[in-house]
Amino acid sequence: MNNLNIRLLFWVPILFIPSLLSAADAVQGEITQQPTNIIAITMFLVFVAATLGITYWAARRTKSTKDFYAAGGNITGLQNGLAIAGDYMSAASFLGISGLVFASGFDGLIYSIGFLVGWPIILFLLAERLRNLGKYTFADAVSYRLQQLPIRSLAASGTLIVVLLYLTAQLVGAGKLIQILFGLEYYLAVVIVGILMVLYVTFGGMLATTWVQIIKAVLLLCGASFMAVAVMYHMDFSFETLFMTATEVHKNGITIMSPGGLVSDPISAISLGLALMFGTAGLPHILMRFFTVPDAQEARKSVVYATGFIGYFFILTFIIGFGAIVFLVNNPEFLDLQSGGLLGGNNMAAIHLSKAVGGEVFLGFISAVAFATILAVVSGLTLAGASAISHDLYASVLRKGEAQEGEEIRMSRIATVGLGVAAIFLGVQFEQQNVAYMVGLAFAIAASVNFPVLFLSMYWQRLTTRGAFIGGSIGLITAVSCMILGPTIWVDILGNTEAIFPYKHPALFSISAAFMSIFIISKLDNSVSGREEALAFEGQYVRSQTGLGSEE
Amino acid sequence: MQHLYRRIYANPKFHQLELERRRFSWLLTSIILIAYFSFILIIAFYPELFGNPIFEDSVITWGILIALSVILLSLLLTGIYVYRANNEFDRLVNDVIKDVT
């Protein structure tokens, strides 16, 4: 680690918190750069050409701010459901979860389910109200009856921190993954991904981003389905045979069918569960997708489709993980002869399996899909970050809603380029770091800042600006400090012997801190503006229930 | 618009609808919360329960069956919610709006 890296580590203390699963998990340990894979690169170039074509088409249709942030509000429920799935099924969940199943069987399901159960919650509690109240960002809904400056600043900070953490984790993972899959240099890979995402977003806005995500979702679901069916074909379509064969060859035998050591103490278990569930409901790039549909009805439909696709996808990764055990464990072609493990680490399980069941061409296809997957996820993140800067900070706070549409779009394009440069810089800086904790931190912050503030603004009349601002900030500070003082950063990264905060996952504490402080401070707030905000709840309430007066 | 909001707010039908919808969405929310956190807590406290096979001689355990059921439950509940919201609740909302305009 060079000096700059060390300085950066302290300079951006916010970046330090524990681990869920990230793209970076996909590639731990030594990376051996592979020979350049021509089939994969060709397929990837076809994907890039097609998506740039779409971006050109989208750019001609992107004129107003509504086009730019919300694809004109003309996306259907099915399209949006696919795009949400495309936004959410990252390379980390594809490679990471199938790798986890390959390594420890049942435990892989714990993450899958955590990632899925946030969706019903979003549907039952947030989706339609959000659609009825907001315009382009979730801050629109939160600041509906509260003061613009503090609330938008809080929401924009929550958004930008989550976006930068997630983006850095994705880019580092992408760089390493592409090194393995395509035989490209790490830096080159990070720069290519960075440039492409900036192109999609600056020129094509939400419309291009949506279609990149839809195409990627379809490709990923088709590829994963083919692998799962191929595995089941060899197992005579019997799960009993699949599991039986897997337990016979796996070094842990029958224990892979039951919970292992992934979640041990109850506090960490609950805390992880809360972070996964409510973190999903606070991810800015996900919330933003609800403004691309015309009304609450389509917003609801998008969640059903998204939940269906994501649930189906997690079942596929489970079959793929077990299939990898059956096909790879005794196959010297895919094993590292020195360590006895998989070539390139456990998270290469799905990639190796694609070669085992479909040969070179299918391996190329799956590698290209993994690359496309990263592109789709980072584009959505970048757009969400850019909107926080241009719509929340610039147009609403700085210009107090007086900015012309053209000015606002120009600002969001500048913000996109700025975020792209920042992400490439961070991606290069963090090459040698284990960035898995960043996704964990992003989920914890989303669950402890964005979610409580959004939820209470819709459901609790007595919420005041002061309560939301101070309470939300307390949630942010608690999440970040518990993460820094916890085992992942304090011990594993900073090298101290004992953690000051004993748990890996802070969400239980930071979510409670946020809700409690928002509640107490709002209750104590006797200001005139606080009372006016409570009175304005009535109108907000009717609009959130009926959609009357919301953006057409 | 504020005027319209006030009239809707004063309409008893609106509160009837709202109560019904709130009960329904909190009911579904608690089902999913209970299902998910029981799953997590069993793994934390009684992992051996999930290690039992679903019937003798099977390698498939209760844990795997229940995990898949939680996934299917999520799909089922979202489907039920949207079916009722798109058919029943939306019609009631339109009735209320018609009443006041």
Side-chain angles (χ1 to χ4, degrees), chain A residues 105-107 109-110 112-114 116-117 119-121 123-125 128 239-240 243-244 246-247 254-255 257-270 272-274 277 296-297 300-301 303-304 306-308 310-312 314-315 318 536 538-543 545-549, chain B residues 1-2 4-9 14 17-18 21 24-29 31-33 35-37 39-53 57-64 67-68 70-75 77-79 81-83 85-86 89-90 93-94 96-97 101:
Chain A
F106 180 86
D107 281 0
L109 276 175
I110 301 177
S112 305
I113 289 177
L116 187 71
V117 288
W119 287 101
I121 301 286
L123 173 67
F124 305 150
L125 301 181
E128 53 198 279
F239 282 103
E240 193 73 42
F243 294 138
M244 185 72 87
T247 53
I254 191 75
T255 58
M257 300 302 290
S258 39
L262 185 71
V263 191
S264 43
D265 76 291
I267 301 276
S268 293
I270 297 173
L272 171 67
L274 286 170
M277 190 174 219
Q297 195 165 43
R300 282 181 213 124
K301 282 190 204 157
V303 188
V304 182
T307 313
I310 297 169
Y312 170 66
F314 282 140
I315 293 176
F318 188 64
E538 204 175 275
Q540 176 196 328
Y541 186 70
V542 174
R543 171 163 159 176
Q545 297 283 330
T546 59
L548 269 184
Chain B
M1 196 53 85
Q2 289 304 325
L4 195 59
Y5 289 160
R6 229 165 296 148
R7 278 182 24 213
I8 292 179
Y9 198 78
F14 173 71
L17 154 76
E18 210 296 306
R21 177 149 70 179
F24 187 56
S25 46
W26 282 106
L27 171 72
L28 297 184
T29 303
I31 296 177
I32 201 81
L33 285 176
Y36 176 54
F37 283 101
F39 175 75
I40 291 282
L41 288 176
I42 290 177
I43 290 171
F45 285 108
Y46 308 104
E48 61 284 354
L49 275 187
F50 275 180
N52 293 328
D57 301 331
S58 174
V59 284
I60 301 177
T61 55
W62 279 105
I64 291 197
L68 292 178
V70 176
I71 295 182
L72 294 179
L73 181 72
S74 305
L75 300 186
L77 293 185
T78 51
Y81 179 84
V82 171
Y83 181 78
N86 282 2
F89 295 145
D90 278 359
V93 167
N94 287 332
V96 174
I97 295 175
T101 45

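Within every chain, numbering begins at 1; the chains are lettered A, B, ... in the order of the sequence lines, protein sequences first and strands thereafter.
Within the 4.5 angstrom heavy-atom criterion, atoms from both the backbone and the side chain of B/Ile60 approach chain A. Proximity to chain A (any heavy atom under 4.5 Å) is restricted, for B/Asp90, to the side chain, taken from C-beta onward. Contact annotation for A/Leu274: both backbone and side-chain heavy atoms come within less than 4.5 Å of a heavy atom of chain B. Both the backbone and the side chain of A/Leu123 come within contact range of chain B, judged by heavy atoms closer than 4.5 Å. Both the backbone and the side chain of B/Ile71 come within contact range of chain A, each with at least one heavy atom under 4.5 Å from a heavy atom of that chain. When heavy atoms are compared at a cutoff of 4.5 Å, B/Leu73 does not approach chain A at all. Only the side chain of B/Phe37 comes within contact range of chain A, with heavy atoms under 4.5 Å apart. For B/Phe14, the part lying near chain A is the side chain, with the backbone staying farther off; criterion is any non-hydrogen pair under 4.5 Å. Contacts of B/Trp26 with chain A are made by side-chain atoms alone, with heavy-atom separations under 4.5 Å and no backbone atom involved.
In terms of heavy-atom pairs under 4.5 angstrom with chain A, the leader among B/Ile42, B/Leu72, B/Leu33 is B/Leu33. The most heavy-atom pairs under 4.5 Å with chain A, out of B/Ile64, B/Asn52, B/Val96, come from B/Ile64. Of all the listed residues (A/Ile254, A/Leu125, A/Ile315, A/Ile310), the one sharing the greatest number of non-hydrogen pairs under 4.5 Å with chain B is A/Leu125. Chosen from A/Ala296, A/Ala536, A/Gly114, the residue pairing most often with chain B at heavy-atom distances under 4.5 Å is A/Gly114.
Side-chain contact of A/Ser258 with B/Glu48: a donor-acceptor pair under 3.5 Å is absent, judged by distance alone. There is a side-chain donor-acceptor pair under 3.5 Å between A/Tyr541 and B/Glu18.
Using modelled atom types, no side-chain atom of B/Thr78 and backbone atom of A/Val304 make a donor-acceptor pair closer than 3.5 Å. Side chain of B/Tyr5 to main chain of A/Leu548: a donor-acceptor pair is present (N/O by atom type, distance under 3.5 Å, no hydrogens or angles). Using a distance-only test at 3.5 Å, with no hydrogens or angles considered, a donor-acceptor pair links the side chain of B/Arg21 to the main chain of A/Gln545.
When every heavy atom of B/Met1 is checked against every heavy atom of A/Gly549, the shortest pair comes out as CE-CA, 3.5 Å. Contact record, A/Gly539 with B/Gln2: CA-OE1, 4.3 Å, taken as the closest heavy-atom pair. Across all non-hydrogen atoms, the minimal contact from B/Ile43 to A/Pro259 is CG2-CB, 4.0 Å. When all heavy atoms of A/Glu240 and B/Val59 are compared, the closest pair comes out as OE2-N, 2.8 Å. Among all heavy-atom pairs drawn from B/Ala67 and A/Phe106, the shortest one is CB-CE1, 4.5 Å.
How far CD1 of B/Ile97 is from OG1 of A/Thr546: 5.0 Å, rounded to the nearest 0.5 Å. One distance of note links CD1 of B/Ile40 with CD1 of A/Ile270; it measures 9.0 Å at 0.5 Å rounding. The CE atom of A/Met257 sits 13.5 Å away from atom CH2 of B/Trp62, with the distance rounded to the nearest 0.5 Å. The structure places OG of B/Ser74 at 8.0 Å from CD1 of A/Ile113, a figure rounded to the nearest 0.5 Å. Atom CG of B/Leu75 and atom CG of A/Leu116 lie 6.5 Å apart (nearest 0.5 Å). Once rounded to the nearest 0.5 Å, the distance linking CG of B/Leu77 with OG1 of A/Thr307 reads 10.5 Å.
For the ring pair (Phe, Tyr, Trp, His ring centres under 6.0 Å) test, residues two or more places apart in sequence or in another chain that qualify with B/Phe39 are B/Phe50. The side-chain contact (heavy atoms from CB on, under 4.5 Å) test applied to A/Tyr312 returns A/Leu221, A/Ser225, A/Leu316, not counting sequence neighbours.
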